[in-house]
Protein chains: 2
Amino acid sequence: MEKQTVTIYDVAREAAVSMATVSRVVNGNPNVKPATRKKVLAVIERLDYRPNAVARGLASKRSTTVGVIIPDVTNIYFASLARGIDDIAMMYKYNIILTNSDDAGEQEVNVLNTLMAKQVDGVIFMGNHIDDKLRAEFKRAKAPVVLAGTVDPQGDTPSVNIDYAAAVEEAVTNLIQRGHKKIALALGPLSQSINAEYRLTGYKRALNKAKLPYDDKLIYEAGYSYDAGTKLQPVIADSGATAVFVGDDEMAAGIINASIESGVSVPDDLEVITSNDTIVTQITRPAITSITQPLYDIGAVAMRMLTKLMNDKELDEKTVTLPYGIVRRASTKSAE
Amino acid sequence: MEKQTVTIYDVAREAAVSMATVSRVVNGNPNVKPATRKKVLAVIERLDYRPNAVARGLASKRSTTVGVIIPDVTNIYFASLARGIDDIAMMYKYNIILTNSDDAGEQEVNVLNTLMAKQVDGVIFMGNHIDDKLRAEFKRAKAPVVLAGTVDPQGDTPSVNIDYAAAVEEAVTNLIQRGHKKIALALGPLSQSINAEYRLTGYKRALNKAKLPYDDKLIYEAGYSYDAGTKLQPVIADSGATAVFVGDDEMAAGIINASIESGVSVPDDLEVITSNDTIVTQITRPAITSITQPLYDIGAVAMRMLTKLMNDKELDEKTVTLPYGIVRRASTKSAE
DNA sequence: CTGAAAGCGCTAACAC
DNA sequence: GTGTTAGCGCTTTCAG
């Protein structure tokens with residue numbers, strides 16, 4: 001009971017025109033007499049003809065699909081970017097091939113290659129770290145690549161981000177102004193440049209400006225998860241820190257809940273500021289003060305840039321920096 | 001500076017064999033003498049040849065990509081399913097074209113059509129409701145469709161779910177056994193069969209078994225969000241209900257936080273049970289008792305079923321029901 | 001075990 | 001405006 005597929009040829013025959021003409025009306029080419037267009041459209045309707053995108057892709061060398069590499073769809077931060085990406089893609093009639101990479105370099109390279117094999121017209125890459133191998137693959141790829149919510153210190157690849165260093169600097173400066181001397185920094189792996197080169201830099205700058213000493217015992221490396229946060233909390237408590245900047249919302253939630261359960265008051269004994277302003281920051285009690293990022297827009301802007309690149313247009317700026325904010329909630333004390 | 005693409009023809013020429021032979025070695029067809037295979041492989045390596053999946057798709061009529069329709073990637077429940085889907089897909093060498101539908105019927109139909117145009121070999125559909133229009137499209141589609149975490153009361157389409165009615169019945173029965181007489185039910189739109197036909201049914205069955213009266217004033221319809229929960233809470237409080245079953249974790253979190261902030265103690269004044277056991281249930285204080293669902297597996301099993309269908313194999317069962325559980329947390333009192 | 005050749009369904013010059 | 005004609009890069013009979 002295989003369903004019969006009707007092709008452009010069938011339409012051409014029934015409408016008594018050539019394939020070329022049918023192709024023209026399907027693609028909205030203006031060089032068709034209204035009468036013929038109407039006739040063809042009628043046949044298309046009657047036969048319920050749907051163009052085969054694969055054939056079209058082979059002939060035109062454009063697949064109207066873009067690859068999206070994401071560490072894990074289940075991560076709300078990246079999923080939010082993905083939503084922005086998909087909405088804009090859809091607006092421009094592109095589809096998204098979405099693949100999870102688990103942030104693993106090898107997997108990222110693999111995935112990139114299968115995407116190229118599928119002839120995607122471009123790719124949007126999200127990840128926590130970019131190494132030389134990956135950078136080389138990006139260059140080698142015959143389709144443009146844009147980074148979303150992902151930093152590359154080398155800056156070769158077009159990207160959309162906020163100024164992570166400045167955001168952390170501002171948050172930590174806030175903390176310092178409220179009198180804190182020992183401020184902990186809880187990050188994901190320091191092997192990732194977002195942590196080692198951006199967040200840490202912002203933290204150091206804030207300390208520096210205030211002439212506070214830098215103590216690497218206050219820097220903590222943990223996983224991006226709630227459990228990582230609960231495990232880290234006692235260590236932070238032991239350090240004597242009275243405030244902590246956290247690189248991930250779930251981790252921050254873990255730190256807060258573990259603090260309270262062990263009798264450490266937030267914000268009285270420990271102020272907490274986190275990074276991504278996901279829904280988690282509103283659910284905890286106290287709710288968490290956070291850097292705010294235009295997550296959806298980061299994805300959306302990245303996709304817009306990609307459409308330009310796919311059409312061989314110039315980019316106004318290669319490295320786009322979107323504005324961030326800081327939203328105060330109950331995990332920090334009010335300013336003096 | 002267009003990158004030159006090397007084709008199967010180039011490989012054939014360089015290896016002094018026919019395209020057919022190259023095709024055979026690329027596809028692992030055993031009918032190739034080891035020596036020739038080796039020779040071809042060497043050339044492939046040297047030329048850095050990568051098969052063009054689009055051309056392959058056109059010739060073979062299999063794109064090795066499946067479409068995934070999801071209400072919103074940003075929704076952790078569906079994203080978890082998507083992760084299971086992608087992992088299994090990858091295992092079977094399929095890629096995923098992911099599209100957001102916002103649960104909107106029209107958009108779902110559109111998206112399904114563009115997926116078919118892209119010649120996907122199958123599609124996995126996730127959504128909160130299936131209407132006749134959609135059902136008709138599923139039938140009309142020339143590629144198989146499997147529902148994941150999505151019920152269709154008609155049961156025509158293969159699907160993977162838990163027994164939502166039984167789960168709610170068990171949860172509510174629990175509540176009843178602890179002495180509750182007025183148990184509220186907070187659901188998403190009753191226009192969706194998951195709510196109107198499954199959860200509500202389970203709720204009624206529990207009441208019935210316990211010979212408790214059914215009062216439709218205790219049934220609340222709200223959005224799947226934290227804010228919807230905070231807005232709903234005062235209404236529930238006014239109703240005099242001493243317990244509530246909630247259909248969405250974020251909504252439950254909203255109810256809990258709003259309760260506590262308005263002086264209603266959870267679980268003493270109001271016991272709360274929710275549905276999806278997402279990370280949210282662990283972050284609130286009190287943490288939320290929940291039905292547990294094998295989210296990842298629902299996606300994974302759905303994808304496994306789809307691979308069978310795509311290879312014209314029979315399904316052992318068309319409607320798969322995976323086991324659920326109930327995990328007790330602090331939002332409910334311990335059993336007597 | 002290998003090759004020749006005919007498409008897959010569509011686009012894109014190029015004529016007319 | 002419209003038709004003709006090559007392919008796009010690969011799979012797949014069908015011979016041999």
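Please read all numbers here as calculations on a predicted model, not as lab measurements. Proteins get letters first, then strands, A, B, ... in listed order; numbering begins at 1 in each.
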Checklist entry - Can you check the A:Leu58 CG to D:dC10 C1' distance for me, whole Å? => result 8 Å
Checklist outcome for this item: Taking D:dT11, C:dC10, D:dG9 as options, the one with an atom nearest any side-chain atom of B:Ala55 is D:dG9
Checklist entry - Does a nitrogen or oxygen in the side chain of B:Thr7 sit under 4.0 Å from OP1 or OP2 of D:dC8? => result no
Item to check | Interatomic distance, B:Asp10 CG vs D:dG9 P [rounded to whole Å] | outcome: 9 Å
Item to check | For atom CZ of A:Arg13 and atom C1' of D:dT4, their distance in whole Å | outcome: 18 Å
Checklist entry - Taking only side-chain nitrogens and oxygens of B:Ser18, does any of them come within less than 4.0 Å of OP1 or OP2 of C:dA4? => result no
Checklist entry - Does any non-hydrogen side-chain atom of A:Ile124 lie less than 4.5 Å from one of A:Leu306? => result yes
Checklist entry - How would you label the contact of B:Val17 with the nucleic acid (heavy atoms, under 4.0 Å): base, sugar-phosphate, or nothing? => result sugar-phosphate
Next on the checklist: Can you tell me which nucleotide in D:dG3, D:dT11, C:dG3 comes closest to the side chain of B:Ile8?
Outcome noted: D:dT11
Next on the checklist: Judged by each residue's nearest nucleotide on DNA chain C, which is more toward the 5′ side, B:Ala59 or B:Pro34?
Outcome noted: B:Pro34
Checklist entry - Going by atom types alone, do A:Thr64 and B:Lys118 pair a side-chain donor with an acceptor below 3.5 Å? => result yes
Checklist entry - If you look at every strand shown and take non-hydrogen atoms under 4.0 Å, does A:Asn52 touch a base, only sugar-phosphate, or nothing? => result sugar-phosphate
Checklist entry - Only one of B:Leu115, B:Asp152, B:Leu112, B:Leu134 forms a side chain to side chain contact (heavy atoms under 4.5 Å, CB included) with B:Phe125, so which one is it? => result B:Leu134
Next on the checklist: With nearest nucleotide decided by heavy atoms, which residue, B:Tyr49 or B:Arg24, maps closer to the 5′ end of DNA chain D?
Outcome noted: B:Tyr49
Checklist entry - Can you check whether A:Thr21 has a side-chain N or O nearer than 4.0 Å to OP1 or OP2 of D:dG1? => result no
Next on the checklist: Check B:Arg83 with A:Asp102, please: is the shortest side-chain N to carboxylate O separation under 4.0 Å?
Outcome noted: yes
Checklist entry - Between A:Tyr77 and A:Tyr224, does the ring centre distance come in under 6.0 Å? => result no
Checklist entry - C:dA4 phosphate, OP1 or OP2: any side-chain N/O from B:Tyr9 under 4.0 angstrom? => result no
Item to check | Which nucleotide in D:dT12, D:dC10, D:dG7 has an atom nearest any side-chain atom of B:Met19 | outcome: D:dC10
Next on the checklist: Side-chain N or O of A:Arg56 versus OP1/OP2 of C:dG9: is the shortest distance under 4.0 Å?
Outcome noted: no
Item to check | Of the listed nucleotides D:dT11, C:dT11, D:dT2, the one nearest the side chain of A:Asn27 | outcome: C:dT11
Checklist entry - For A:Ser23 and C:dA12, is the shortest distance between a side-chain N/O and OP1 or OP2 below 4.0 Å? => result no
Checklist entry - Would you say C:dC8 has OP1 or OP2 under 4.0 Å from some side-chain N or O of B:Ser60? => result no
Checklist entry - Are any of B:Asn31's side-chain N or O atoms less than 4.0 Å away from OP1 or OP2 of C:dT2? => result no
Next on the checklist: Expressed as a whole number of angstroms, how long is the span from B:Lys38:NZ to C:dC1:P?
Outcome noted: 17 Å
Item to check | Positive for side chain to side chain contact (heavy atoms under 4.5 Å, CB included) with B:Glu14, one of B:Val22, B:Val43, B:Val40, B:Ile44 | outcome: B:Val43
Next on the checklist: Rounding to an integer number of Å, can you tell me how far A:Lys61 NZ sits from D:dG7 C1'?
Outcome noted: 10 Å
